**Q** 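What follows is a single structure, and I will ask about it in a moment.
Treat the numbers as computed from the prediction; the structure is a model and nothing was measured. In what follows, chains carry the letters A, B, and so on, assigned in the order in which the sequence lines appear, proteins first and then strands, with residues in each chain numbered from 1. Values below: all heavy atoms of this structure, side chains included; hydrogens, waters and symmetry mates excluded.
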There are 2 protein chains.
Amino acid sequence: MSIQTRRERERAERERLIVTAARELAEAEGWDAVTTRRLAAEIEYSQPVLYSHFKGKDAIMAAVAVQGFEELSGQLHAARTSAPSPREALAAVGRAYADFGERRPALYDAMFTLAVDLPFARPETPAPLRAAFDELRLAVTPLATGDDDPGVLTETVWSGLHGLLTLMRSGRLRRDQHDRRLALLIDRFCPPEK
Amino acid sequence: MSIQTRRERERAERERLIVTAARELAEAEGWDAVTTRRLAAEIEYSQPVLYSHFKGKDAIMAAVAVQGFEELSGQLHAARTSAPSPREALAAVGRAYADFGERRPALYDAMFTLAVDLPFARPETPAPLRAAFDELRLAVTPLATGDDDPGVLTETVWSGLHGLLTLMRSGRLRRDQHDRRLALLIDRFCPPEK
DNA sequence: CAGTGATGCTAGCACTGCTAGTCATTCTGT
DNA sequence: ACAGAATGACTAGCAGTGCTAGCATCACTG
């Protein structure tokens, strides 16, 4: 029994090792540098070992993405709960989201642009994904007006943030205007001040 | 002289053939199906011919993207000018933009997510790109309030639309709520009704 | 101690974007 | 009109990709 469990433990550990190595390599040199050969060399195992843990490269990226969601939800939570008002909470969460995308571009891509085999907005959505989305929702809903559906509203704000990030990161938006765009977006999703 | 010009004409024609073939192949089967071998077979020339016209695959995709911008700006223009009021013009342009992204996903990706060697928001930005952005700006600016900078405002609306499209198309947003999100986004960028 | 199953390995497949070098065709200068 | 130059498309190949079949070695069981 003990041997079995040790095996499983070692196996789980190696799986974590793979995910961590993939993540670090991606953050350091971008996803293009994360090839199965390179990753195998990094963990000091042969290439096919990866496939005994994951179905393929996509699955490894999905696992990295889940780690990313954990980190993101933590940062959104911190930003939200340390703001004095709902208005400032939304602004802080928006900034935290944008900062995350800027500081961890590879991670962000795995979460929001590349890997597709993660189920979003579904019953089987992994917990970290839910948690991150919930943080956003908790920041958005206090500012909902009238008959806005909280889910739809949150998705729309999220889309705005995502669009700002991706278009800027791909060189399609002027970087020096980023803060103004971000402030403008958030402002438009706050009810008019009285 | 005439022979020279005929040569150049044939060459230009073949270049158009390449771009068209790449575009049609991408629209039919996605960019993954557009390999240099496949594309060469499609135009009934050998592979290296592509490299006598374009620096590489990216350049071909960029050329396809430029075609996409021409089409997009035409559709945005039609939507904008056939609307009776600025408010409805913006809504129509938003819908036209979203429709374009839905109907021509491969083209949209070449324009807004993949190819990077196109200069955006710069002095040397190709005309079709400018035209498309201008259409958006012409729809957005009439609804600007106070001290909004038109350029920044347009970029922000654009980002919102882009985020909605990309997140939905990658399966991260519920498809059935698309219209509500789009309406909500547009609404937030219209000044409060009197 | 022989047999059995798990496990990580080497080798290789089919494919990618891209390029070097060859060869036929066409144009140029005398 | 003909030798020489140059253009241009081709075949073949390189270095790399994700992934897999099959083998050899090891740890454990009866």
**Q** Over how many whole Å does the gap from A:Leu50 atom CG to D:dG18 atom P extend?
**A**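 The distance from CG of A:Leu50 to P of D:dG18 comes to 10 Å, rounded to the nearest Å.
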**Q** Using the salt bridge (charged side-chain N to carboxylate O under 4.0 Å, His left out) rule, take A:Arg169 and A:Asp109 through it: C-alpha gap first, then chi angles, then the decisive distance, then the call.
**A** CA-CA 11 Å; A:Arg169 281 203 19 232; A:Asp109 283 343; 2.9 Å; yes
**Q** Taking only Lys NZ, Arg NE, NH1 and NH2, and the carboxylate oxygens of Asp or Glu, determine whether A:Glu102 and A:Arg175 approach each other closer than 4.0 Å.
**A**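 Counted as a salt bridge, because a side-chain N and a carboxylate O are separated by less than 4.0 Å.
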**Q** Is the gap between the ring centers of B:Phe100 and B:Phe69 under 6.0 Å?
**A**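 Not under 6.0 Å, so no.
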**Q** Which nucleotide wins on minimum distance to the side chain of A:Ser52, given the candidates C:dG8, D:dT20, D:dA9?
**A**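 Output: C:dG8.
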**Q** Any base atoms under 4.0 Å from A:Arg14, or only sugar-phosphate, or nothing? Heavy atoms, all strands.
**A**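 Since only primed, P, OP1 and OP2 atoms lie under 4.0 Å of A:Arg14, the category is sugar-phosphate.
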**Q** From D:dC10, C:dG17, C:dG8, pick the nucleotide closest to the side chain of B:Pro48?
**A**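 Minimum distance to the B:Pro48 side chain belongs to D:dC10.
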**Q** Quick check: any donor-acceptor pair below 3.5 Å linking the side-chain of A:Arg37 to the base of D:dG16?
**A**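 By the distance-only test, no, there is no pair.
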**Q** Please determine whether any donor N or O and acceptor N or O are separated by less than 3.5 Å between the side chain of B:Gln47 and the base of C:dC18.
**A**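 Answer yes: a donor N or O sits under 3.5 Å from an acceptor.
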**Q** Group every Ile, Leu, Val, Met, Phe, Trp and Tyr by side-chain heavy-atom contacts under 4.5 Å, then state whether A:Leu138 and A:Leu90 land in the same group.
**A**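 Result: no, two separate clusters.
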**Q** Without decimals, in angstroms, what is the distance between B:Asp58 CG and C:dG17 C1'?
**A**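 These atoms are roughly 10 Å apart.
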**Q** Once you round it to whole Å, what is the distance between C1' of C:dG17 and CE of B:Met61?
**A**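 That distance rounds to 13 Å.
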**Q** Is a donor from one side chain sitting under 3.5 angstrom from an acceptor on the other, for B:Glu135 and B:Ser73?
**A**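 Their side chains do not contain a donor-acceptor pair, so the 3.5 Å distance test is not met.
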**Q** Please confirm whether the shortest side-chain N or O distance from B:Tyr45 to OP1 or OP2 of D:dA9 is below 4.0 Å.
**A**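 Checking D:dA9 against B:Tyr45, no side-chain N or O comes under 4.0 Å of OP1 or OP2.
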**Q** Between atom NE2 in B:His53 and atom P in D:dG8, what is the gap in whole Å?
**A**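 Atom-to-atom, B:His53 to D:dG8, this comes out as 9 Å.
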**Q** Which is true for A:Thr35 with a 4.0 Å heavy-atom rule: it touches a base, it touches only sugar-phosphate, or it touches nothing?
**A**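 Here A:Thr35 touches the backbone only, sparing every base.
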**Q** Start at the 5' end of DNA chain D and walk down; is the nucleotide closest to A:Ala33 or to A:Lys55 reached first?
**A**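 Looking at DNA chain D, the more 5' nearest nucleotide goes with A:Ala33.
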**Q** Find the distance A:Phe54:CZ to D:dT20:C1' and express it as a whole number of Å.
**A**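 Roughly 18 Å, once rounded to whole Å.
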**Q** Does C:dG17 have OP1 or OP2 under 4.0 Å away from a side-chain N or O of B:Thr36?
**A**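 Answer yes for this pair, as a side-chain N or O of B:Thr36 is under 4.0 Å from OP1 or OP2.
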**Q** Whole-Å distance between D:dA9 P and B:Arg11 CZ?
**A**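 Interatomic distance, CZ of B:Arg11 to P of D:dA9: 7 Å.
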**Q** Check the distance between D:dA9's P and B:Leu17's CG and give it to me in whole angstrom.
**A**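 Interatomic distance, CG of B:Leu17 to P of D:dA9: 13 Å.
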**Q** I need the NZ-C1' distance between B:Lys57 and D:dT17, as an integer number of Å.
**A**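 Value for this atom pair: 13 Å.
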